[in-house]
Q: 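Before we start, here is the structure in question, set down as structure tokens.
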2 protein chains.
Amino acid sequence: MMKETSDDVIRRLMEEMFNIQNKSKEFMQLLTHDENLSENLVLLLLRLKLYRHMKVTEISEAFMLTPGAGTNMCDKLEDLDYVERIRTKDDRRVVRVSLTKKGEERVEGIFSKFSEEKLKRMSSVLAEINSLFEKIAE
Amino acid sequence: MMKETSDDVIRRLMEEMFNIQNKSKEFMQLLTHDENLSENLVLLLLRLKLYRHMKVTEISEAFMLTPGAGTNMCDKLEDLDYVERIRTKDDRRVVRVSLTKKGEERVEGIFSKFSEEKLKRMSSVLAEINSLFEKIAE
DNA sequence: ATAAATGTTTTAATAGTTAAAACATATTTG
DNA sequence: CAAATATGTTTTAACTATTAAAACATTTAT
């Protein structure tokens with residue numbers, strides 16, 4: 001049996017990488033296709049569902065974008081009436097972005113394709129994947 | 001103990017999703033940061049290492065881009081002398097894109113930060129993650 | 001030969017991104 | 001308190017990447 005060269009190791013690693021890349025792309029598209037919004041805009045709607053409201057700064061950090069780009073995404077969703085901006089009373093510099101009624105409904109629509117059982121199964125598999133990812137960093 | 005509402009299920013799923021999104025982004029950046037090339041260009045170099053050569057069509061499919069965008073990526077890497085294009089003899093419409101010597105070295109540089117042990121560990125964890133991803137589709 | 005199909009490149013228009021400056025408000029400190 | 005500094009958001013202008021469509025080259029089928 002041949003010894004594995006360092007080239008082989010790298011090739012094997014890349015094969016796994018590309019596989020994961022494809023599969024997670026597919027998974028994303030399972031959720032975001034046929035919504036006629038860019039992937040990031042859909043993901044922003046989902047994040048707003050999860051966190052209930054976010055500052056523009058938080059949004060741009062979450063997507064690793066400049067504040068300007070964050071503002072831009074919010075503008076688009078605001079034009080569609082999916083989100084609203086409210087300047088907070090305590091610190092009037094900050095803008096809280098949150099889903100409107102229409103935005104909430106849109107998010108529900110995204111998940112209504114799946115049964116509750118299916119959603120539960122998905123999240124438990126994703127949890128396992130997460131704990132594996134922890135091990136890579138080590 | 002409270003029953004989990006369908007809203008809770010969705011929130012849990014999204015938490016896992018975003019976690020994975022962040023972690024795989026971090027992992028990608030482990031490889032691609034401080035290379036002064038866009039992420040896709042680095043990934044193209046890696047794919048070329050793995051497959052040895054690709055057609056422009058294959059490249060644009062792999063990255064889900066239009067053929068024009070594929071040509072564009074190749075142009076950039078060609079300008080940097082990392083890849084070369086060779087029209088194949090049997091079918092002179094097709095162009096085989098492959099790494100030059102300089103491109104090979106560049107790819108080696110990307111992985112030289114890691115010990116062989118580390119690379120092996122990474123790919124076995126990635127393999128596990130892959131098999132978990134299979135289970136989501138079901 | 002002609003028509004249809006395939007693979008790549010070019011082009012012009014568009015969309016997305018950025019860095020920097022501008023603006024508004026808060027907090028700190030001399 | 002006033003001035004300086006820090007924080008959060010928006011605007012702007014320049015730049016980059018992407019697309020759709022057409023053009024081009026070659027091959028395969030009729």
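We use all heavy atoms of the structure for the numbers below, so side chains are in, but hydrogens, waters and symmetry mates are not. To find a chain, count down the sequence lines: A is the first, B the second, and so on, and within it residues start at 1.
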Q: So does B/Arg85 have more than 12 non-hydrogen atoms from other groups sitting under 6.0 Å from CZ?
A: yes
Q: What closest approach, in Å, do A/Ser60 and A/Pro67 show between heavy atoms, and which atom pair accounts for it?
A: OG-CA, 3.7 Å
Q: Starting from P on D/dA17, measure out to CG on B/Leu65 and report it in whole angstrom.
A: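 Nearest whole value for this atom pair: 12 Å.
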Q: Which whole-number value in Å describes the distance from A/Asp75 CG to C/dA15 P?
A: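 From A/Asp75 CG to C/dA15 P: 15 Å.
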Q: Between D/dT9 atom C1' and A/Met73 atom CE, what is the distance in whole Å?
A: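 In whole Å, D/dT9 C1' and A/Met73 CE are 16 Å from each other.
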Q: State which residue, out of A/Leu44, A/Leu77, A/Asp75, fulfils the side-chain contact (heavy atoms from CB on, under 4.5 Å) condition with A/Val83.
A: A/Leu77
Q: Rounding to a whole Å, what distance do you find between B/Leu37:CG and D/dT16:P?
A: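 After rounding, the gap between these two atoms is 14 Å.
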Q: Between A/Arg96 and D/dG8, is there a side-chain N or O to OP1/OP2 distance below 4.0 Å?
A: no
Q: To the nearest Å, how far apart are A/Arg87 CZ and C/dA26 P?
A: 10 Å
Q: Taking the side chain of B/Val56 as its heavy atoms from C-beta onward, which of C/dT9, D/dT9, C/dG7 lies nearest to it?
A: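 Ranking C/dT9, D/dT9, C/dG7 by closest atom to the B/Val56 side chain puts C/dT9 first.
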Q: Rounded to the nearest Å, what distance is computed from the CD atom of residue A/Glu84 to the P atom of nucleotide D/dT9?
A: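 Rounded to the whole Å, the gap is 16 Å.
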Q: Starting at the 5' end of DNA chain C, which residue's closest nucleotide do you reach first, A/Lys89 or A/Lys76?
A: A/Lys76
Q: How many Å lie between CG on A/Asn40 and P on C/dT17, as a whole number?
A: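 Going from A/Asn40 (CG) to C/dT17 (P), I get 6 Å.
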Q: Could you check A/Ala69 against A/Asp91 and say which one's nearest nucleotide on DNA chain C is further toward the 5' end?
A: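 Nearest-nucleotide comparison on DNA chain C picks A/Ala69.
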Q: Decide whether B/Ile86 and B/Leu99 are clustered together by the hydrophobic rule: side chain heavy atoms of Ile, Leu, Val, Met, Phe, Trp, Tyr closer than 4.5 Å, transitively.
A: no
Q: Is it true that B/Leu65 and B/Leu45 fall in one hydrophobic cluster, defined by side-chain heavy atoms closer than 4.5 Å?
A: yes
Q: Picking from C/dT17, C/dG7, D/dT9, which would you name as closest to the side chain of A/Asn72?
A: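 So the nucleotide nearest the side chain must be C/dT17.
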Q: Measure the distance from CZ on B/Arg92 to C1' on D/dT26 and round it to the nearest whole Å.
A: 8 Å
Q: I'd like to know if B/Arg93 reaches the base of C/dT6 with its side chain, counting only an N/O donor and acceptor under 3.5 Å.
A: yes
Q: Consider the side chain of A/Thr66, meaning its heavy atoms from C-beta on, and name the nucleotide among C/dT9, D/dT9, C/dA19 that approaches it most closely.
A: C/dA19
